[in-house]
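Below: one structure, written as structure tokens.
Note that ligands are numbered from 1 as they come in the structure, with each ligand's atoms numbered from 1 the same way. We count residues from 1, following the sequence as given.
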Amino acid sequence: MTVRKIDAMHKYYGYGSGRCENCPHFRRKVFDRTYHKCLVYGDSNSEATDWRCGYTACGLIDKPFPEDEIRIVKRIERGKVDDGPLPGQIAMEI
Ligand code: SF4
């Protein structure tokens, strides 16, 4: 059984009232077509982070962006390598 992206958000943050399209963390990106993203889940140029307006909102719909949380998907600019520690993770010398 596949786990949908929104299922992961519900698991981490619980359920909210309303739909994702009314959330402050929801974005519409217009290029050749319109793409929808949940900034908490992740904003990449991949369909792996495409979001649906009609998803049932998670518990963050009326809460601020969880800056101290590790995003489920992290955007890395094309051509750059992000080898630094994740938020909340310590760096270790080998
Ligand atoms: S943070 Fe907002 S857009 Fe993302 S899943 Fe929760 S309600 Fe939807």
Region of Tyr41 that comes within reach of ligand 1 [heavy atoms, distance under 4.0 Å]: neither
For the student: nearest non-hydrogen atoms of Met9 and Leu60, plus distance: CE-CD1, 4.4 Å
Enumerated ligand 1 atoms positioned under 4.0 Å from heavy atoms of Ile6: 5 (S)
Identity and separation of the nearest protein heavy atom to atom 4 (Fe) of ligand 1: Cys38 SG, 2.3 Å
For ligand 1, the portion of Leu39 having any non-hydrogen atom under 4.0 Å away: neither
Result of checking His36, Lys37, Lys29 against Asp50 for side chain to side chain donor-acceptor pair (under 3.5 Å): Lys37
Identity and distance of the protein heavy atom lying nearest atom 6 (Fe) of ligand 1: Cys58 SG, 2.3 Å
Protein contact of atom 8 (Fe) of ligand 1 - nearest heavy atom, named by residue and atom, plus distance: Cys20 SG, 2.3 Å
Ring centroid separation Trp51 to Tyr41 under 6.0 Å: yes
Heteroatom N/O/S of Cys23 within less than 2.8 Å of atom 4 (Fe) of ligand 1: no
Side chain proximity check, His10 to Thr56, heavy atoms < 4.5 angstrom: yes
Least distance between heavy atoms, Glu47 atom then Lys5 atom: O-NZ, 3.4 Å
Face-on cation placement of Arg33 at Tyr35 ring, 6.0 Å and 45° thresholds: yes
Tyr13 near ligand 1 by a heavy-atom separation under 4.0 Å: no
